[in-house]
Amino acid sequence: MSQQFDETPEEGIKDSGIARVIPCKKLDVFDPIKWLTLAVNDFKRAPLISFTYGAIFTVIPWFIYYLIDSTGWYMIIFPAMVCFMLMGPFLAAGLYDVAWQFEKKNNPSFRHSLKAMSRNAVNEWGFALLLMFLMIFWLRIASLIHAFYPENEAYTLASLATFLIIGTIVGAVLTVLVFFITAFTQPILLERRVDLATAVLTSMNAVWLNKRAMFFWASIICLSVFIGFVTFFFAFLVIMPIIGYASWHGYIDTIELKRDRTYE
């Protein structure tokens, strides 16, 4: 099957307050509930593929836990959690492809979803490098924050206060930045022949213009990740595919086109 793109690089682009971006729609605050409903339906229609990707998302944090447990350096737990969240959007490309195939009324396959990264390869791998840079940046910052950790002291809330406050603030700022950058970038690159800068700025613009709805969506993602961690990652078998499918439907619902999508 030939791979179709709905827009040329110039189509749907306009000037905005930040840069040239693809325009977005105005979302209602509870629109993410609709995305989740559609995502659950996608999961039911492709259970084998969904569980396969869910297993990948489950094995990765298990491996991180194994490294932490074998080295005994438990202070990397929080940085590792952030790193996992950084990798999520990149790994979800296959799930976006599955949801996209359903929209085209095609039967999705795991093999086809694995080819998702080749549709806009240069910019998609550039996005992967961007995520890797952010991950490395966070690890370096985390190592500096570790200097505030009280060594050779009784661990009390007072002695840990500086470490926890600085770590929480820096982690929150980085997480918000990553959410702005990644909310719609990967789906845009998957479907449209646009450059990385356009995709990233479009994502940031869409999040900024829909702050309430996107805050609600970010809260759902954070809650989902928390549930995954408290269930020793077993919940990721179901949660992560649903979040991936929902992200695709959020992209379809948010980023505008000059003409309606028509699939043969």
Side-chain angles (χ1 to χ4, degrees), residues 32-33 35-37 39-40 42-43 47 49-96 128 131-132 134-146 148-149 155 157 160-161 163-183 185-186 207 214-248 250:
I33 299 297
W35 308 343
L36 288 173
T37 302
V40 170
D42 289 339
F43 189 101
I49 299 176
S50 300
F51 276 120
T52 300
Y53 275 103
I56 295 173
F57 277 102
T58 302
V59 167
I60 291 175
W62 274 348
F63 179 69
I64 293 174
Y65 175 83
Y66 170 77
L67 290 179
I68 295 172
D69 187 58
S70 61
T71 60
W73 192 32
Y74 292 94
M75 295 314 300
I76 67 171
I77 292 177
F78 186 64
M81 290 173 59
V82 176
C83 290
F84 177 69
M85 295 175 68
L86 287 172
M87 292 186 291
F90 181 70
L91 295 174
L95 293 167
Y96 301 154
L131 293 180
M132 185 175 68
L134 290 172
M135 182 175 64
I136 293 173
F137 175 75
W138 166 242
L139 290 174
R140 295 300 298 170
I141 293 296
S143 65
L144 294 175
I145 295 174
H146 184 69
F148 294 97
Y149 189 76
Y155 298 148
L157 183 59
L160 289 170
F163 171 77
L164 294 175
I165 291 173
I166 295 178
T168 300
I169 292 174
V170 174
V173 170
L174 180 61
T175 301
V176 170
L177 174 62
V178 169
F179 181 72
F180 267 79
I181 291 174
T182 62
T185 297
Q186 187 71 18
V207 174
M214 296 310 294
F215 176 79
F216 183 47
W217 177 231
S219 300
I220 292 174
I221 294 175
C222 290
L223 177 61
S224 300
V225 171
F226 175 77
I227 292 173
F229 274 87
V230 298
T231 59
F232 197 58
F233 317 120
F234 279 104
F236 285 164
L237 283 168
V238 175
I239 287 176
M240 286 305 185
I242 290 177
I243 291 296
Y245 296 144
S247 296
W248 175 263

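Computed from a prediction, not measured in an experiment: that's the story for all the values here.
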Looking at CE of M214 and CD1 of I220, how far apart are the two atoms once the value is rounded to the nearest 0.5 Å?
10.0 Å

Give, for atom CE of M240 and atom CD1 of I56, the distance between the pair rounded to the nearest 0.5 Å.
12.5 Å

Heavy-atom distance under 4.5 Å between the side chains of I181 and L134, does that happen here?
yes

Side-chain contact, heavy-atom cut-off 4.5 Å: F57 with I243?
no

Distance-only check: which donor-acceptor pairs under 3.5 Å involve side-chain atoms of residues 228-239, not counting sequence neighbours?
{"unit_1": "T231", "atom_1": "OG1", "unit_2": "I227", "atom_2": "O", "d": "2.9"}
{"unit_1": "T231", "atom_1": "OG1", "unit_2": "G228", "atom_2": "O", "d": "3.1"}
{"unit_1": "T231", "atom_1": "OG1", "unit_2": "A235", "atom_2": "N", "d": "3.3"}

Quick one: side-chain hydrogen bond (donor to acceptor under 3.5 Å, both in side chains) partners of S50, sequence neighbours excluded?
Y245

By side-chain hydrogen bond (donor to acceptor under 3.5 Å, both in side chains), W217 pairs with (sequence neighbours left out) none

Is there a side-chain contact between F51 and F43 in this structure, where contact means two heavy atoms from C-beta onward sitting under 4.5 Å apart?
yes

Using every non-hydrogen atom in the two residues, find where Y96 and G244 come nearest and quote the distance to one decimal.
CE2-O, 3.2 Å

Quick check: are there more than 12 heavy atoms from other residues, nucleotides or ligands sitting under 6.0 Å from CZ of F216?
yes

One should read off an interatomic distance between S247 OG and I221 CD1, to the nearest 0.5 angstrom, of 5.0 Å

So do the side chains of F215 and S219 get within less than 4.5 Å of each other, counting heavy atoms only?
yes

Between L164 and T168, the two heavy atoms sitting closest are O-OG1, 2.6 Å

Any side-chain heavy-atom pair from W248 and D42 closer than 4.5 angstrom?
no

Check A183 against V207 and note the closest heavy-atom contact, atom names and distance.
CB-CG2, 3.6 Å

Compare all side-chain heavy atoms of V173 with those of L177 and state whether any distance is below 4.5 angstrom.
no

